[in-house]
Amino acid sequence: MKKALFISVIILLCVAGGIYYHFFFDTRILLKSDTESIVNHLSHIGVGEEFDFSEDCTPSDSVYVVAPYSCDFFEKNSHLELMSCIKRDIERAAEFDCYFQLLFVKGNKVVSRATINRDIVSYFGLDSCNIYNSNQKFHIKTKLYLDEHRIVHQK
């Protein structure tokens, strides 16, 4: 009798842990945020200085830019793999005018992200970030530079 009760308690704890993991687990642990290191990197880049993201997020091969008001970003890029709760966080941040989000991708899987304030840099200078262009992606080693207004352009 005690053995059956013990097994039932263990099963109940496993089920409760699974439910907690699925609904309440802190999603920031599941997707690395590189915001602090990327902001630090971008803040120290001078006007006209060439840069890329190959040293900032090495496990990725490309970067997607989620511009402000890009409500249809995931419709246009439905092949990207990430958890739905993180996807909602990214969509919520895209509702604000002051943030660009960088999604670092390996294959089709989002491995990291960074939220960048437009006061630091603006990505509207990239042709790929034109709001009418559905391909808001560039290679991790693409050479970029900042103009005097801190707008990112491709070399």
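For Asp119, there are no salt bridge (Lys or Arg N to Asp or Glu O under 4.0 Å) partners two or more places apart in sequence or in a different chain. Residues forming a side-chain contact (heavy atoms from CB on, under 4.5 Å) with Lys143 (at least two apart in sequence, or on another chain): Glu50, Asp52, Lys155.
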Would you check, one step at a time, whether the test side-chain contact (heavy atoms from CB on, under 4.5 Å) holds for Val110 with Phe104?
CA-CA 6 Å; Val110 178; Phe104 296 92; over 6 Å; no

How far apart are the C-alpha atoms of Val105 and Val111, what are their side-chain angles, what is the distance that settles it, and do they pass the side-chain contact (heavy atoms from CB on, under 4.5 Å) test?
CA-CA 6 Å; Val105 177; Val111 294; over 6 Å; no

Asp89 vs Arg113, test: side-chain contact (heavy atoms from CB on, under 4.5 Å). Steps then yes/no.
CA-CA 11 Å; Asp89 287 347; Arg113 70 176 175 161; 3.9 Å; yes

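In the hydrophobic clustering of ILVMFWY residues, with side-chain heavy atoms under 4.5 Å counting as a link, Ile45 and Ile116 come out together.
Ser43 places a side-chain N or O within 3.5 Å of a backbone atom of Val39 that can act as its donor or acceptor partner. Not a single donor-acceptor pair under 3.5 Å links the side chain of Glu49 to the backbone N or O of Tyr145. Remark: the backbone N or O of Ile120 is paired with a side-chain donor or acceptor of Arg150 at under 3.5 angstrom.
In the model, Asp147 has a side-chain atom that pairs as donor or acceptor with a side-chain atom of His153 under 3.5 Å.
Atom CD of residue Gln101 and atom CD of residue Glu91 lie 10.0 Å apart, to the nearest 0.5 angstrom. For the atom pair CD1 of Ile90 and CD of Glu95, the computed distance is 13.0 Å after rounding to the nearest 0.5 Å. The structure places NE2 of His139 at 7.5 Å from OG of Ser62, a figure rounded to the nearest 0.5 Å. In this structure, CZ in Phe53 is found 5.0 Å from CG in Leu102, a value given to the nearest 0.5 Å. Note: Ile140 CD1 to Ser54 OG = 7.0 Å, rounded to the nearest 0.5 Å. With rounding to the nearest 0.5 angstrom, the CG atom of Leu42 is 7.0 Å from the CG atom of Leu146.
Between Leu144 and Phe138 the shortest side-chain heavy-atom distance falls below 4.5 Å. The closest side-chain heavy-atom distance from Phe51 to Val152 is below 4.5 Å. Between Glu36 and Asn40, every side-chain heavy-atom pair lies at or beyond the 4.5 Å cut-off.
We find that Asp97 and Arg118 are joined by a salt bridge, their nearest charged nitrogen and carboxylate oxygen being less than 4.0 Å apart.
Considering all non-hydrogen atoms of both residues, Phe100 and Val121 come closest at CD1-O, 4.2 Å. Heavy atoms only, all atoms of each residue included: Ala67 and Ala94 are closest at O-CB, 4.2 Å.
Ring geometry, Phe73 versus Tyr64: the interplanar angle exceeds 60°, so the pair is classed perpendicular (tilted spans 30 to 60°).
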